[in-house]
Amino acid sequence: MRGARHDHTAPSTNRLRQKSDWQVLGTLFPYLWDYKTRVVLALLFLVGAKAASVGVPLIMKALVDYLAPGKLVDKAAVTVALVMPVALLLSYGLLRLATTAFTELREYVFAKVTQAAVHKAALQVFRHLHAMSLRFHLERQTGGVTRDIERGTRGISSLVSYTLYSIVPTLVEFALIIGILLVKYDVWFAGITVVALVTYISFTIIVTEWRTHFRRAMNELDSKANVKAIDSLLNYETVKYFGNEEYEARRYDQSMESWKRAAIRSQTSLSLLNTGQSAIIALAVTAMMWRATQGVIDGSMSLGDLVLVNAFMIQLYIPLNFLGVIYREIKQSLADMEKMFTLLEQHREVADAPAAPDLQLRAGTVRFEQVDFSYDKLPDGSPKRQILFGVDFTVPAGKTLAVVGHSGSGKSTLSRLLFRFYEVDGGRISIDDQDIRSVTQASLRRAIGIVPQDTVLFNDTIEYNIAYGRPGASRAEVEAAAKAAHIHDFIISTPDGYDTVVGERGLKLSGGEKQRVAIARTLLKNPAILIFDEATSALDSAAEAAIQNELRAIAQHRTALVIAHRLSTIADADEIIVLDQGRIVERGSHADLLARQGAYARMWALQQTEH
């Protein structure tokens, strides 16, 4: 079969640590062994199907021998000759039916095993990616990771299918046919079959391993092109702002041009492989038929034997020629699975301590105690550029603390650390005197709600995005949150109302509308601790004033950390701290800080002048 044209060769070398094929199979095995009864039953059906398949040529041989000229010498022989073909024909039909029935039973029994393994592995990788730290997700390339997961799940399905439906059946059939040839005929027949099999497999493996680097290069270039395409499309507006459509097209074209050259080299080497495989098969079949023809001529074999050998050759020829495709598919599936399973081995920078308890929320007091932090580390573990230096403050239960400072002073880093997206380098953060590193991340994040400066929405309806704050909330609760965020009137003014789809990352909404959706989402969550990270930065003055009143209302009797740039929005905070280059330089109430005539007073004067 020239189906070998569908090429999927070459294991891909993992950048971190390349596993052997057996290690990859060992990783996959537990997913399959959860359904061991089905696996064993499917293997029994497989053996039954191949036994019936090999029995068909044997029946055909007997039928031809009974009907051969010279057998019908008298009336009794004629009667026997008429009865026997009928019985043989019935047996032939039953074996054909049994082959199909056992094959379909095998696929029916094993289908659940394959799909369950794909489901479980994909879900585990998905969960693990969500468990990774923010650092991992800021450094990853979305297009490459999604392609690795897609290929990996497809690789599991392909590997299991090809192994159970092609490799194992082919090996069983080889064993049965070679055994029959050894028992019934000259040793030359079995010898030619074995030599052809060994030569074919050796040639396929050697040439395929030689050409793996062509396929590897092709895969890597394909991933790079995909990453560039997705990154460009995600930044569609930026591309348009600067009129760089042609620039992006040229970048993509360069990647695809390199991929095309690698694909051509891969296809050329594939043609060489196919030609060699066909030559080996042709020589083996010719040698077998020559021996069988000689046997018929010299009387050592009957016409039925010639038919039997020919039928066996046809049955061997198809799976043997297809074996090259299967080998390449399996190698590629193993490589794809390796890349996906390697994602599971990525170190979880932020992980729950063993047997960590849930956060026991009482009053909701938040405390930062001499916190040091840096995003990047040098090889020796020391900070590459420290962001926070000994930051120390307390947000009492039910009070509001505001953090102000110039861009890059470390304000937003505080919210990321409180959510435990990163671990602190020094000091500690606690809620109600419980170190947040000692409790589960899930319980910690349930207690905190945030309205971020940069709101990213799901490409779904407005109702879905608001209800994301508390999945399962009723439409009435969603509408109440929207009214409190002053976005209800806008929503009902749209043709589809709450069923309006907001588009990729919420781009169909304005910045202010997205921010109000984020506020509604947090209101619906109803957390004990609130973080407002420039929560009204995208609103006009009128909307900001209205939202500020709502934020003050919901912050009452809750612990609130407000990160702000516009000082007018935090003038009534219980305490204000001023950050400068990661250090607290001032703290106090709005009136106290103005009276000191320090950094805060200068920022206030500058903003009042700008206003």
Side-chain angles (χ1 to χ4, degrees), residues 1-10 46 49-50 53-58 60-61 99 103 158 161-212 214-215 266-296 301 303-332:
M1 287 176 62
R2 304 297 293 190
R5 296 291 172 188
H6 300 288
D7 174 43
H8 296 282
T9 322
L46 182 155
K50 283 305 166 186
S53 176
V54 170
V56 169
L58 293 172
M60 182 62 71
K61 164 191 156 37
T99 301
T103 300
S158 299
S161 298
Y162 287 132
T163 301
L164 187 71
Y165 301 158
S166 299
I167 295 295
V168 176
T170 300
L171 294 177
V172 171
E173 192 166 14
F174 282 156
L176 292 173
I177 288 176
I178 290 172
I180 292 171
L181 292 175
L182 280 172
V183 170
K184 294 181 65 69
Y185 302 110
D186 191 314
V187 71
W188 278 99
F189 289 98
I192 292 171
T193 303
V194 171
V195 169
L197 174 62
V198 172
T199 303
Y200 183 93
I201 291 177
S202 300
F203 175 79
T204 299
I205 291 175
I206 291 170
V207 176
T208 300
E209 291 297 331
W210 163 71
R211 61 185 296 272
T212 53
F214 297 127
R215 186 69 193 188
S266 178
Q267 182 59 46
T268 303
S269 60
L270 175 63
S271 298
L272 173 64
L273 178 61
N274 286 335
T275 302
Q277 290 171 342
S278 296
I280 294 170
I281 292 295
L283 289 172
V285 171
T286 301
M288 290 284 284
M289 294 309 296
W290 174 73
R291 292 292 303 176
T293 303
Q294 282 294 111
V296 172
M301 296 176 67
L303 285 175
D305 292 321
L306 180 64
V307 171
L308 177 65
V309 171
N310 183 64
F312 277 165
M313 285 304 95
I314 292 174
Q315 285 191 202
L316 281 178
Y317 171 79
I318 295 174
L320 188 60
N321 201 26
F322 194 61
L323 194 62
V325 181
I326 300 303
Y327 175 74
R328 293 191 297 274
E329 290 285 356
I330 287 177
K331 292 291 286 185
Q332 182 59 38

task = Just do the side-chain contact (heavy atoms from CB on, under 4.5 Å) check on Val194 and Phe174 with the steps written out, would you?
result = CA-CA 9 Å; Val194 171; Phe174 282 156; over 6 Å; no
query = Say you draw a straight line from CG of Leu283 to CE of Met288; how long is it, rounded to the nearest 0.5 Å?
reply = 13.5 Å
request  = Please say which of Ile180, Leu181, Ile177 ends up in a side-chain contact (heavy atoms from CB on, under 4.5 Å) with Phe189.
outcome  = Leu181
note = Rounded to the nearest 0.5 angstrom, the OG1-CG distance for Thr204 and Asn274 is 9.5 Å
query = Measuring from Gln277:CD to Leu272:CG, what's the distance to the nearest 0.5 Å?
reply = 9.5 Å
task = Can you sort out the partners of Ala287 under side-chain contact (heavy atoms from CB on, under 4.5 Å), two or more places apart, ordered by chain and number?
result = Ile192
query = Looking only at heavy atoms, which two atoms of Ile280 and Phe203 are closest? And how far apart?
reply = CD1-CB, 3.8 Å
remark   = All heavy atoms of Leu182 vs all of Val187, minimum pair found to be CD2-CG2, 4.2 Å
